[in-house]
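Order of the sequence lines sets the chain letters (A, B, ...), proteins ahead of strands, with each chain counted from 1. No hydrogens, no waters, no symmetry mates; every other heavy atom, side chains included, goes into these values. Keep in mind that what you see is a predicted model, and the values were worked out from it rather than measured.
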Amino acid sequence: MPETLNPPRLLPSGDSAITVEFSRTIDEAANRRVLALDRLIAAEPIAGITETVPTYRSLLVHYDPVQIDFDALGEQLLARAEQALPTAAGTRRWRIPVAYGGEHGADLEDVAKTLNTTPDDIVARHVAGDYRVAMIGFTPGWSYLSGLETFLHMPRRQNPRLLTPAGTVSIGGIQTGVQCLAGPSGWHLLGRTAVRTYQLHRDPIFLLEPGDAITFTAVDAKTFADQDRAAEAGAFIAELVTP
Amino acid sequence: MSKLVVTSIGPASSVQDGGRPGSQRYGLTPSGAMDRLALAAANTLVGNDLFAAAVEIGPFGASFTAHGGAVRVALAGAPRNADIGGRAVAFDSSVTLADGETLTLGFARGGSFSYLAIEHGIAGEPMFGSLAVNARAGLGSPYPRPLQSGDELKTQAASGAAERRIELPATPEAPIRVLFGPQDDEFSDENKKLFVDSEWKISATSDRMGYRLEGPQIKHLHGHNIVSDGTVNGSIQVPGNGQPIALMPDRGTSGGYPKIATVISADFGRFAQISAGRPFRFKAVTMAEAQAETKTFRDLLRSLPDRLRGIDEFGLNIEALRDANVAGQAVSATDAATWQVAAAG
């Protein structure tokens with residue numbers, strides 16, 4: 001991919017974090033390199049790194065500058081970035097049920113209108129997609145997925161909503177995503193899932209990992225309601241699909 | 001078991017500690033105290049770990065009443081009038097409330113956040129190793145939300161240890177130091193210069209997520225949408241309207257606006273304490289300088305136990321009282337006679 005930077009750029013995010021930037025755009029190849037570097041650092045830790053945060057195009061590396069300075073860490077990160085090979089092997093795949101449209105997906109009709117098609121076609125296309133968790137961010141469990149088909153790409157809403165429901169599945173720009181908590185969003189709401197990507201007092205608290213593969217299945221509102229009750233009690237609802 | 005009951009409290013007050021870093025990859029922001037030095041000083045005074053949970057009190061007044069026994073506390077951070085039943089209480093000092101006594105705090109002066117540490121800490125159920133409130137994520141203990149009147153902070157009875165004061169270095173009236181980046185290349189040199197050469201104010205609509213900065217409009221070179229990437233405490237992002245927002249401990253873990261600069265970690269607490277509407281400036285520094293300052297700040301935190309001092313036999317702490325009253329009108333900072341009157345009153 002032409003957008004992928006090789007070697008990545010090292011950008012200071014203050015005195016205690018480095019952004020290792022592989023691309024300036026949303027780029028599948030760059031994201032795979034981000035996740036590969038993240039995995040390599042987890043497997044072979046560098047003393048002084050306190051936390052890593054993968055995003056679409058960069059890995060944010062938090063560190064303790066008293067233990068290692070910017071230049072020394074930067075050098076090691078570049079070496080690791082060269083070593084880290086993106087692999088698709090070993091990724092988990094989850095099947096996530098979604099109740100599309102109606103009260104659960106307030107924008108489904110409008111999205112269909114804008115794209116000159118039917119709500120059923122939008123659902124069929126969204127369900128047919130093969131997605132990957134490119135990053136989790138903004139609020140706990142908000143999972144940004146790559147792999148949305150070009151037909152469904154559309155600009156975000158002019159007026160972001162201040163409150164969108166927990167479990168909303170939406171599209172925005174060239175991305176789709178699953179949010180866990182109720183909160184503001186400028187994306188188009190297609191449906192809701194009962195899956196809690198973040199739930200306290202459950203093991204694991206965070207269900208999805210960056211790099212996980214995702215497919216969606218459509219369920220009706222009644223099934224959603226049943227699943228929602230089960231999820232509240234701690235059930236994953238998301239189904240782990242063995243490869 | 002003793003407890004401190006919140007008898008009155010304004011908004012923006014919550015239990016905070018060192019926060020819960022480590023899960024930012026899942027979108028969980030670290031939260032934690034806005035001013036870590038003040039938190040650590042208050043905790044040191046009552047013998048707690050530096051970053052134990054304490055009450056972070058926002059700009060408005062508050063009062064707390066001891067129940068079920070004596071409760072030993074300490075105040076640090078933004079100074080304010082404080083008294084127990086009319087008896088003045090100094091900042092940067094510990095004090096013990098007898099059962100039934102009420103500690104009353106006025107509005108913050110010359111800062112935004114004060115810290116009330118409680119000897120033996122606040123009883124609660126840590127989540128991700130922290131009691132810090134993050135209301136959006138439903139986290140925080142004993143209450144996963146800002147404090148309200150009637151809330152109870154359970155603790156153990158006061159040890160009866162001698163009261164202490166702590167000698168802290170004066171907070172410099174200097175510009176807030178920043179490092180340019182990570183997206184300073186999204187701005188012209190002229191706009192970067194405008195950012196560091198201008199006077200700024202923090203908007204009254206600011207909160208623990210972000211401080212909105214009021215000042216000149218900072219223009220982008222290539223528009224304001226970038227692909228979201230990671231944020232840190234002190235990231236200064238510039239949205240479409242050109243009015244920067246500095247990200248604070250309850251920030252989103254990722255953001256989609258270009259970040260022109262980042263407040264250095266040693267200055268973060270001082271930045272967080274700037275009251276709304278008060279003019280201040282930024283100053284760009286080098287990475288070497290910022291990282292040297294981080295070491296100095298770490299040394300200061302480590303030195304806190306050595307900075308404890310006794311309080312004289314009358315329970316008065318003249319220096320701290322003077323410091324606490326510098327911004328007040330009632331007391332002359334140079335007139336010893338005034339001191340005694342104020343202290344006796």
Side-chain angles (χ1 to χ4, degrees), chain A residues 9-19 21 23-27 30 38 50-62 64-66 68-71 135-144 156 173 175 179-183 186 197-201 204-210, chain B residues 21-30 127-128 134 136-139 144 177-186 222 225-236 251-256 259 261-268 285-295 297-299:
Chain A
R9 297 204 303 165
L10 299 178
L11 309 173
S13 281
D15 49 58
S16 307
I18 297 181
T19 303
E21 186 184 79
S23 171
R24 305 182 74 134
T25 57
I26 293 185
D27 170 353
D38 184 49
T50 53
E51 181 167 9
T52 56
V53 186
T55 70
Y56 275 110
R57 61 198 185 94
S58 63
L59 185 69
L60 180 63
V61 178
H62 292 267
D64 175 3
V66 174
I68 188 165
D69 68 20
F70 180 86
D71 291 336
M135 64 177 277
I136 303 172
F138 187 51
T139 57
W142 219 125
S143 304
Y144 294 76
R156 296 173 199 185
Q175 310 159 60
Q179 76 193 60
C180 186
L181 304 176
T197 53
Y198 160 70
Q199 192 173 27
L200 291 173
H201 311 298
I205 292 175
F206 295 102
L207 200 60
L208 307 181
E209 289 283 341
Chain B
S23 296
Q24 295 186 73
R25 60 190 295 107
Y26 301 113
L28 180 61
T29 197
M127 281 174 274
F128 301 91
N134 170 354
R136 273 195 310 166
L139 294 173
R177 291 166 293 183
V178 296
L179 277 164
F180 278 121
Q183 280 97 30
D184 54 315
D185 57 355
E186 295 281 337
H222 318 287
N225 277 309
I226 60 166
V227 177
S228 291
D229 73 347
T231 65
V232 301
N233 285 352
S235 291
I236 299 172
R251 66 193 148 82
T253 54
S254 58
K259 297 176 277 294
T262 313
V263 175
I264 72 168
S265 50
D267 281 2
F268 184 77
V285 295
T286 63
M287 180 63 77
E289 190 176 344
Q291 298 201 322
E293 284 302 311
T294 312
K295 289 192 180 71
F297 184 72
R298 196 77 58 86
D299 289 343

Considering only heavy atoms, which portion of [X] lies under 4.5 Å from any heavy atom of chain A: side chain, backbone, both, or neither?
{"X": "B:Gln183", "value": "side chain"}
{"X": "B:Thr231", "value": "backbone"}
{"X": "B:Arg298", "value": "side chain"}
{"X": "B:Asp185", "value": "side chain"}
{"X": "B:Glu289", "value": "neither"}
{"X": "B:Phe180", "value": "backbone"}
{"X": "B:Thr29", "value": "neither"}

Exercise for the section: Might you work through the salt bridge (Lys or Arg N to Asp or Glu O under 4.0 Å) test for A:Asp27 and A:Arg57, ending with a clear yes or no? Expected result: CA-CA 7 Å; A:Asp27 170 353; A:Arg57 61 198 185 94; over 6 Å; no
Exercise for the section: Answer yes or no: is there a donor N or O on one side and an acceptor on the other, between the side chain of B:Arg25 and the main chain of A:Thr52, under 3.5 Å? Expected result: yes
Practice task
Please answer whether the main-chain N or O of A:Glu21 pairs with a side-chain N or O of A:Thr19 as donor and acceptor at a distance below 3.5 Å.
Solution key: no
For [X], which atoms come within 4.5 Å of any heavy atom of chain B: side chain, backbone, both, or neither?
{"X": "A:Ile205", "value": "side chain"}
{"X": "A:Ile136", "value": "both"}
{"X": "A:Asp38", "value": "side chain"}
{"X": "A:Ser13", "value": "both"}

Practice task
Check B:Gly138 against A:Leu200 and note the closest heavy-atom contact, atom names and distance.
Solution key: O-CD1, 3.8 Å
Practice task
Taking all heavy atoms of A:Leu60 and all of A:Ala17, pick out the closest pair and write down the distance.
Solution key: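 Closest approach of A:Leu60 to A:Ala17, heavy atoms only: CD1-CB, 3.9 Å.
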Practice task
Give me the ring orientation class for A:Tyr144 and A:Tyr56: parallel if the planes are under 30° apart, tilted from 30 to 60°, perpendicular past 60°.
Solution key: perpendicular
